[in-house]
Amino acid sequence: MSSTINHLHHHHRIDGQISPLTSSCPHLADFRSRNGAKPFRALQDCLRVKPPGGRAGIRREPSEVPRCAACGDSSPSRLYACVACAAVFCHAPSGGPSHASAHAASMPLGGHEIAVDVDRAELFCCACRDQIYDRDFDAAVVLSAIAVQSSGNPENMRKRRRVDYRPWSPDVRERLLMDNGSSVLDCEIDRPRGLRGLNNLGNTCFMNSVLQALLHTPPLRDYFLSDRHNRYYCQLKNANGMIKGVKLCLACDVDAMFSAVFSGDRKPYSPAKFLYSWWQHASDLASYDQQDAHEFFISMLDGIHENVERDRGKRHGDCCIAHRVFSGILRSDVMCMACGFTSTTYDPCVDISLDLEPHQVTAHGKTSAKSHPSSNSEANGFSSTQIPTTSTLIGCLDRFTRPERLGSDQKFFCQQCQVSQESLKQMSIRKLPLVSCFHIKRFEHSHTRKMSRKVDRYLQFPFSLDMAPYLSSSILRSRFGNRVFSFEGDDGDDVAANEMSSEFELFAVVTHSGKLDAGHYVTYLRLSNQWYKCDDAWITRVNENVVRAAQGYMMFYVQKMLYYRASAQVCPS
């Protein structure tokens with residue numbers, strides 16, 4: 001959700017079309033034409049947020065109980081305060097009586113249709129009987145929450161798992177179904193099909209930014225648009241009791257979202273059904289508060305993984321489309337510095353989190369990169385000697401795979417020496433995913449100073465990326481030369497596939513602007529060799545220099561060439 005307030009125009013021209021800065025509600029448009037944005041900005045002083053991190057509501061005394069001015073009831077499902085006159089009325093969402101709607105209709109000159117939910121601080125149209133969206137009101141909620149929100153949660157450091165991709169082609173029955181149920185897509189000159197804005201549902205820019213990237217992730221898009229997960233069939237299985245006691249299938253809502261976004265409709269889409277389903281999978285994140293886009297990305301993949309495939313016989317990574325697309329494997333080598341014995345472990349993951357390159361002032365006043373095993377300046381408690389200088393994604397990857405000498409307090413038990421020894425650790429990538437997601441650690445947490453901050457340092461990222469230097473095969477050859485040709489746990493086909501598919505191309509960048517606890521997420525997408533900025537409901541065409549200058553938080557790269565094993569079998573439907 002944006003923390004800035006727009007008070008210039010009610011509309012914005014996008015690709016030759018007029019797009020509202022508010023929802024399409026005519027009563028909201030009429031209210032703004034009468035009053036402008038002033039009433040919404042004034043509401044900021046009337047809002048309160050229950051700490052820590054609670055949802056917003058209308059400020060009132062602890063002993064004050066809001067009641068409907070018409071019936072005096074204080075316990076209906078919803079109570080709304082009229083923005084025009086501040087009177088409180090009840091409303092029954094299930095279709096029952098609505099004193100809020102009756103109040104709006106009783107005003108001969110109009111202007112009393114817009115109201116605010118007393119308990120949830122959500123905007124509501126009493127005439128349309130539906131929730132509505134306005135950016136100025138949205139900004140007022142954010143600004144009122146800044147003062148009481150906590151400094152932020154520590155980064156989600158949970159390890160994730162994933163596996164390889166299996167090719168698929170339709171059988172005779174599927175080809176017949178596609179031919180009978182398909183039509184030729186109309187050519188869209190000014191905007192590619194599927195490029196559709198997503199309405200902000202209240203602090204949900206973190207979700208919209210990631211969804212835009214996933215909706216245009218080529219293998220994920222092709223999977224859902226080719227009906228590989230049919231929501232009607234999946235729901236029928238649940239209804240017939242074939243799958244009992246499970247949560248709502250998140251993949252079904254993803255399938256519905258793909259259908260809606262690629263339908264050709266250009267009006268902004270509201271992913272409310274998906275948001276509700278995601279809340280069922282991530283109850284700890286179920287609120288209207290701003291969340292971390294990277295944490296949502298991990299949570300969403302986990303939600304798809306939970307329900308899409310429940311065949312326990314499948315190895316992890318073959319189980320669902322989320323892991324088939326984003327699954328990769330990291331290799332960690334810890335070498336004893338006394339005898340050279342090396343302990344190797346493998347860690348499945350769905351993304352790679354990278355530290356920005358730290359820089360410090362030298363004795364001559366110049367900057368120099370410093371290789372430090374800890375995260376950016378956390379060990380020094382945000383040292384004031386560090387200055388923000390340019391980092392590069394290549395430099396971050398070099399630092400991620402660079403040999404690192406572990407300190408004396410991190411000795412590991414050497415199986416050959418039979419004692420704890422100092423060691424050298426090196427990370428590498430054993431298996432590349434179809435789509436590589438790089439997460440930049442821009443939120444630092446200092447335990448010594450008990451505070452958090454956001455790192456606004458600029459990061460250069462290439463549009464084309466060769467991952468060959470970071471593969472386990474390349475690093476091991478560099479370490480041992482041609483004397484060693486194979487290593488325990490490494491498959492020759494996997495090595496060949498990695499080396500043939502190491503070229504990646506950038507197609508999506510999720511950016512974060514603003515402060516740690518009150519920022520805004522935006523996504524840049526590359527479609528048909530043209531870049532587009534996706535800012536919630538608003539889509540604009542941009543030059544690639546705008547993308548290069550953006551403050552990247554998550555970068556998505558897809559393999560330029562897909563590699564298939566000669567013996568690969570078609571995945572059964």
Side-chain angles (χ1 to χ4, degrees), residues 158-171 174 210-211 213-231 233-234 249-255 257-258 281 296-331 346-352 429-439 467 471 491 493-505 507-508 554-573:
R158 294 176 296 167
K159 295 181 179 179
R160 306 293 162 184
R161 301 177 178 273
R162 47 179 178 159
V163 192
D164 19 339
Y165 174 80
R166 300 179 66 182
W168 168 84
S169 60
D171 56 27
E174 291 167 332
V210 173
L211 288 181
L214 297 183
L215 284 167
H216 297 281
T217 297
L220 198 66
R221 174 201 63 201
D222 295 345
Y223 177 90
F224 282 99
L225 292 184
S226 60
D227 206 30
R228 293 298 292 161
H229 183 89
N230 187 303
R231 61 187 181 279
Y233 176 65
C234 182
C249 180
L250 197 63
C252 286
D253 291 294
V254 174
D255 181 52
M257 189 160 42
F258 269 96
H281 290 272
F296 167 77
F297 170 74
I298 298 297
S299 175
M300 178 181 173
L301 295 190
D302 280 353
I304 295 176
H305 166 69
E306 284 181 17
N307 282 87
V308 169
E309 300 286 352
R310 299 177 180 86
D311 184 356
R312 302 302 181 187
K314 291 186 178 181
R315 60 177 182 149
H316 193 92
D318 286 336
C319 56
C320 69
I321 185 59
H323 288 94
R324 276 183 261 169
V325 171
F326 293 99
S327 173
I329 300 177
L330 297 178
R331 172 175 175 144
Y346 297 97
D347 183 22
C349 62
V350 292
D351 66 340
I352 296 179
I429 302 174
R430 178 192 173 187
K431 177 184 173 296
L432 290 167
L434 284 179
V435 176
S436 291
C437 173
F438 299 106
H439 161 239
M467 292 295 292
L471 297 176
D491 186 284
D493 288 342
D494 287 339
V495 172
N498 271 343
E499 294 179 348
M500 292 183 65
S501 307
S502 63
E503 294 285 336
F504 283 74
E505 189 170 61
F507 71 92
M554 298 172 67
M555 277 75 71
F556 293 81
Y557 288 80
V558 64
Q559 286 187 10
K560 289 185 177 180
M561 179 181 69
L562 301 182
Y563 175 87
Y564 300 97
R565 295 183 183 179
S567 60
Q569 300 295 321
V570 174
C571 180
S573 55

Pairwise side-chain contact, Leu211 with Met257, heavy-atom cut-off 4.5 Å (strictly under): yes
Find out whether His229 and Cys252 are in side-chain contact, i.e. whether some heavy atom of one side chain is under 4.5 Å from a heavy atom of the other. yes
Tell me every residue that passes ring-ring contact (aromatic ring centres under 6.0 Å, His included) with Phe507, counting only those two or more places apart in sequence or in another chain. none
Quick check against the 3.5 Å criterion: does Ser436 have a side-chain atom that pairs as donor or acceptor with the backbone of Leu432? no
All side chain to side chain contact (heavy atoms under 4.5 Å, CB included) counterparts of Asn230, not counting sequence neighbours: Asp227, Tyr232, Tyr233
Taking the side chain from Gln559 and the backbone from Pro433, do they hold a donor-acceptor pair closer than 3.5 Å? yes
Checking Arg221 now: which residues fulfil side chain to side chain donor-acceptor pair (under 3.5 Å) with it, not counting sequence neighbours? none
Are side-chain heavy atoms of Thr217 and Val325 found at a separation under 4.5 Å? yes
For a 4.5 angstrom cut-off between non-hydrogen side-chain atoms, does His281 reach Ser299? no
Close side-chain approach of Ile298 to Asp351, heavy-atom, < 4.5 Å: yes
Would a 4.5 Å heavy-atom cut-off, applied to side chains only, mark Leu330 and Arg430 as touching? no
Kindly indicate whether the side chain of Pro219, heavy atoms from C-beta on, has any atom under 4.5 Å from the side chain of Val435. yes
One should read off an interatomic distance between Phe556 CZ and His216 NE2, to the nearest 0.5 angstrom, of 12.5 Å
Between Tyr223 and Arg228, is the side-chain hydrogen bond (donor to acceptor under 3.5 Å, both in side chains) condition met? List the steps. CA-CA 6 Å; Tyr223 177 90; Arg228 293 298 292 161; 5.4 Å; no
So do Phe438 and Met554 actually touch side chain to side chain, heavy atoms under 4.5 Å? no
Minimum heavy-atom separation for Phe297 to Leu214, with atom names? CE1-CD2, 3.9 Å
Gap between atom CG of Leu220 and atom CD1 of Ile304 - 0.5 Å precision: 6.5 Å
